[in-house]
Amino acid sequence: MTDTLLVFDETVTRADVEGWIQLLESAGAPTEMYRLGDTHILPVSDVDLIGRAGPELVAPTHKVLRNTEVWMGRRELRPGGTEVSLGPTTIGDGSVAVIAGPCAVESQAQTLATAAVVAEHGAVGLRGGVFKPRTSPHSFQGLQWDGLDLLAEARERTGLPVVTEVIDPEHVKRLAAVVDGLQIGARNMQNFALLTAVGQSGLPVVLKRGFGCTVDETIAAAEYLLLEGNDQVVLCERGIRSFEPASRFTLDLTAVALWKQRTHLPVIVDPSHSGGRPELVEPLSLAAVAAGADALLIDVHVEPEKALCDGNQALRPQQFADVMARLAPLAAGLGRHMSTAA
Ligand code: PEP
Ligand code: MN
């Protein structure tokens, strides 16, 4: 259904918006109010009703978007873009932010050593799965709750905010009490109960695109988070399944450009899960930043040959340092800079 959207910025008071709601109700066209941060959005089904509003309603600043559906992620609602605060790190402020770490938290030694390496070379966030959604039930499923304390310890040692994947709506509150950001994995992008629970947590979310899902389906999945009042959403391109077996998945940089054009949400690219090989991480990272990505999500492991999960795609410490060194001049050439730990 297409409507006309009345968009009120933060200078418009709730009372002014209520005035519009009453006008529409009394005209027999009740509406529902949506909120994106401090912006209020009112869909109006009959555009002629707008002309009936008195000057006291028209005067407050508002914008009219014609013939558009309510999509909270649409760029026009926040042309300047959304900034996502992950602990002390900001994603979407024009800088290039790198979140790195092991695919899975495996042990105290592995987690702390990897965290120290990624912090040393300029990562501004630490990734690490404690609940792993594995294709085979016989594969390592993560340390689960025991891994959570290790992430907290790594944050304490390095100062890096931590992001971990959540696979069950029942886990959201307990994870959110400890971590700085939640990841929704590709396999769960359309787990709507999970999206709603994560939206309600209010925590920053890395929403990974399902590898069989379209650009617009990803935007629709983000809508579940946004409708819960959580605008701290980062869209993640992590490769889609194609006919090409030479890489684990096919990195779709078109999605990066389209999401940047069509939504106000920051975009992160995962060159590790898409390429599936360490030697692809650097070229895919450079290409992602050139295509407009705000951030990168990179698998790093101090001993990839011993990794319990995805060791064949993780960068060794020196390889990670090399990628970071190549990214800095590219960012500068684009008039951007690498995000630095606050
Ligand atoms: C991950 O980031 O560890 C992961 C499981 O990724 P994806 O959901 O993209 O496969
Ligand atoms: Mn992985």
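When a ligand or atom number is given, it counts from 1 through the structure's own listing order. Everything numeric in this text was worked out from a predicted model, so none of it was measured.
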Vertex the Mn ion (ligand 2), ends His273/NE2 and Asp310/OD2: angle to nearest 10° comes to 100°
Closest to atom 6 (O) of ligand 1 (heavy atoms only, candidates Arg134, Lys208, Lys132) is Lys208
Give the atoms of ligand 1, by number and element, whose distance to some non-hydrogen atom of Arg187 is under 4.0 Å.
-> 7 (P), 8 (O), 10 (O)
In ligand 1, the atoms that come under 4.0 Å of a heavy atom of Gly185 are 8 (O)
In ligand 1, which numbered atoms sit nearer than 4.0 Å to a non-hydrogen atom of Arg238?
-> 7 (P), 9 (O), 10 (O)
What is the nearest protein non-hydrogen atom to atom 8 (O) of ligand 1, stated with its residue, atom name and distance?
-> Ala186 N, 2.7 Å
Tell me whether Cys103 has at least one N, O or S atom under 2.8 Å from the Mn ion (ligand 2).
-> yes
Ranking Met189, Arg248, Arg209, His273 by closest non-hydrogen atom to atom 4 (C) of ligand 1, top hit is His273
Would you say the side chains of Arg75 and Gln261 form a donor-acceptor pair under 3.5 Å?
-> no
Does the side chain of Gln313 come within less than 4.5 Å of His301's, by heavy atoms?
-> no
Using the ring of each side chain (for Trp, its six-membered ring), is Trp20 parallel, tilted or perpendicular to Phe8, with breaks at 30° and 60°?
-> tilted
Side-chain donor-acceptor pair present, Glu153, Gln108, cut-off under 3.5 Å = yes
